[in-house]
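Everything below concerns the one structure shown next.
Per chain, numbering begins at 1; letters A, B, ... match sequence-line order. It should be emphasised that the depicted structure is a prediction, and the values quoted were computed from it without experimental measurement.
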Number of protein chains: 2
Amino acid sequence: MPANSSRLSHAAAPAGPTGLRADARHNRERILQAAREAFAELGIDVPMAAIARRAGVGVATLYRRFPTRESLVTEVFADQFAACAKTFDDALADPDAWRGFRTMIEKVCAMQVVDRGFTAAFLTAFPDAIDYERERTRAERGLTELTRRAKAAGRLRADFEVADLTLVLMANRGIASGPTETALAASRRLVAYLLQAFQVDHADPADPLPPPAPLGLDHLRNAQVR
Amino acid sequence: MPANSSRLSHAAAPAGPTGLRADARHNRERILQAAREAFAELGIDVPMAAIARRAGVGVATLYRRFPTRESLVTEVFADQFAACAKTFDDALADPDAWRGFRTMIEKVCAMQVVDRGFTAAFLTAFPDAIDYERERTRAERGLTELTRRAKAAGRLRADFEVADLTLVLMANRGIASGPTETALAASRRLVAYLLQAFQVDHADPADPLPPPAPLGLDHLRNAQVR
DNA sequence: ACATAAGCGGAGAGGTGCTTCCACTTAGGC
DNA sequence: GCCTAAGTGGAAGCACCTCTCCGCTTATGT
């Protein structure tokens, strides 16, 4: 690749961020699809080779396109993020503050169970993936607002903290093993219990909650749960 | 080792199950101690070599004494089991059925958080470790009785299922990452919420729980949570 | 059609953990 | 003190995963 620019007609192509050859672009898609499936089924730790095999390409191709596991995960869960963000927006748009709050929790927890690795990707988040950072801030803002509104509507107990949402996600994560159907049923029941406990008329002044743990969404990082 | 039994005075020794040479017995203790620490700090997946190093013995020694990781875990968590069993007994002995039920949950959850790998050992349980099986049956019986009594006392909601206790443990397991102090605080708060939801006066007939997931204590097996 | 850069796959280097083998050391009964 | 079986540690054989290098293939503009 000499700096000599006498003829650059060749490498021109679509020039955009997707300036890939047609076949390469196609392969990229296949890899993403394969990774999506593999992550969902086996968790984010699946060997890169397994993804490559499933995609029908060599490992080298995989690595060329996504130099790090992180970059692959980031890309794969991009739309999952979008879905998650949409969930927040929907919740915020709901005129019934409590219903918004409630369905938000229910939906996110279901997502978490159905697609293993989603949480890991979203919250465990590789610290330096910029987009994640942005999304997370956005998420945190939405959650705060949802909480505020649900309290204002007089349905959410006053001693509920935004950090408790992290608590829910972490707890729900513990549920996400075993066959999806079972896990989903378990998750639904757990969430139902928790939502009942979160309602204002269930707070018992004679029996106050222990202080909230200092948990931010980023505390799901050290995912070492086994 | 010729079958010739002309002089068997040698290999006699204490003959009991602990018929080990003094130094070997000593090493065995050191291994157990090291394993206990390692499991608690790093989880049950710590490399065998790490345990050996910490114990100041060679890997071979470790493997000779505990041919499988399972056998080591079984041995290490034996007393932890005893503690757990005692918790059940205490709970059953409490004249206040609800208090018994409640403190049982609180204590077990705390144990689960403080000593990672405890759950894994106890519930994930290697299917064939006989003692575990027995302990688990015993545990299940105790839990059933505790549940029954708490309901009879009119404090525990009627639609609570014994399987929900598994739910609590699984949820709590999701909490157990991060520094112990934080995890403990989080766990305490989660448990408090759940206990409130479990009380009879919080059940809302207009808003029934989703059906319980078919979870037995043994469903914590496929521990792949990450 | 052809030249050329882009793309490709597989082999293999390097790292980590599990488990076994084997030559050496040592406890402990005589 | 001596002898022997019991015990020991480290090295080596596997298996698995990550990531890179390199010679071959193929799309694509002219």
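Listed nucleotides D/dT8, D/dA6, C/dG7 differ in distance to A/L20; the shortest reach to its side chain belongs to C/dG7. Residue B/R69 places its side chain closer to C/dC18 than to any other of D/dT18, C/dC18, C/dG28. With C/dC18, D/dC19, D/dT28 as the choices, the nucleotide that has an atom nearest any side-chain atom of A/Y63 turns out to be D/dC19. Candidate nucleotides D/dG9, C/dG9, D/dT26 were compared by shortest atom distance to the side chain of B/V57, and D/dG9 ranks first. Here the side chain of A/V59 is nearest to one of D/dA27, D/dG7, D/dC19, namely D/dC19.
Contact annotation for A/R65: backbone-only contact, meaning every heavy-atom pair under 4.0 Å involves sugar-phosphate atoms and none involves a base.
Contact between the side-chain N/O atoms of A/T61 and the OP1/OP2 oxygens of C/dG7 is not found at any separation under 4.0 Å. Side-chain N/O atoms of A/N27 include one lying less than 4.0 angstrom from OP1 or OP2 on C/dC8.
Following rounding to the nearest Å, B/I31 (CD1) and D/dT8 (C1') show an atom-to-atom distance of 11 Å. To the nearest angstrom, P of D/dT18 lies 11 Å from CG of A/L72. A straight line from CZ of B/R30 to C1' of D/dT8 spans 13 Å, rounded to a whole angstrom. Between A/D23 atom CG and D/dT25 atom P there is a gap of 15 Å when expressed in whole angstrom units. A/F66 places its CZ atom 17 Å from the C1' atom of D/dT18, with the value rounded to the nearest Å. Taking atom NE2 on A/H26 and atom P on D/dT28, their separation rounds to 13 Å, with Å as the unit. Remark: P of C/dC18 and CZ of B/R53 are 11 Å apart, rounded to the nearest angstrom. Between the CD1 atom of A/I51 and the P atom of D/dC17 there is a distance of 12 Å, rounded to whole Å.
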Before you tell me yes or no, could you show the steps for B/Q33 and B/E29 under side-chain hydrogen bond (donor to acceptor under 3.5 Å, both in side chains), namely the whole-Å CA-CA distance, both residues' side-chain angles and the distance that decides it to 0.1 Å?
CA-CA 6 Å; B/Q33 180 57 29; B/E29 281 315 311; over 6 Å; no

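Of the possible polar contacts, one joining the B/Q112 side chain to the B/L169 backbone as a donor-acceptor pair under 3.5 Å is found. At distances below 3.5 Å, at least one donor-acceptor pair connects side-chain atoms of B/T87 with backbone N or O atoms of B/A83.
A salt bridge does not link B/E75 to B/R65: none of the charged nitrogens lies less than 4.0 Å from a carboxylate oxygen.
Within the 4.5 Å cutoff, the side chain of B/L32 has heavy atoms near those of the B/F66 side chain.
Evaluated for a side-chain contact (heavy atoms from CB on, under 4.5 Å) with A/M104, the options A/L143, A/D89, A/L92, A/D94 yield exactly one hit, A/L143. Among the candidates B/T61, B/L20, B/L62, the single residue satisfying the side-chain contact (heavy atoms from CB on, under 4.5 Å) test with B/R28 is B/L20.
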N/O to N/O distances under 3.5 Å, protein versus nucleotides 21-23 of chain D:
none

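Remark on DNA chain C: of its neighbouring residues B/T68 and A/L62, the 5'-side contact belongs to A/L62, judged by nearest-heavy-atom nucleotide.
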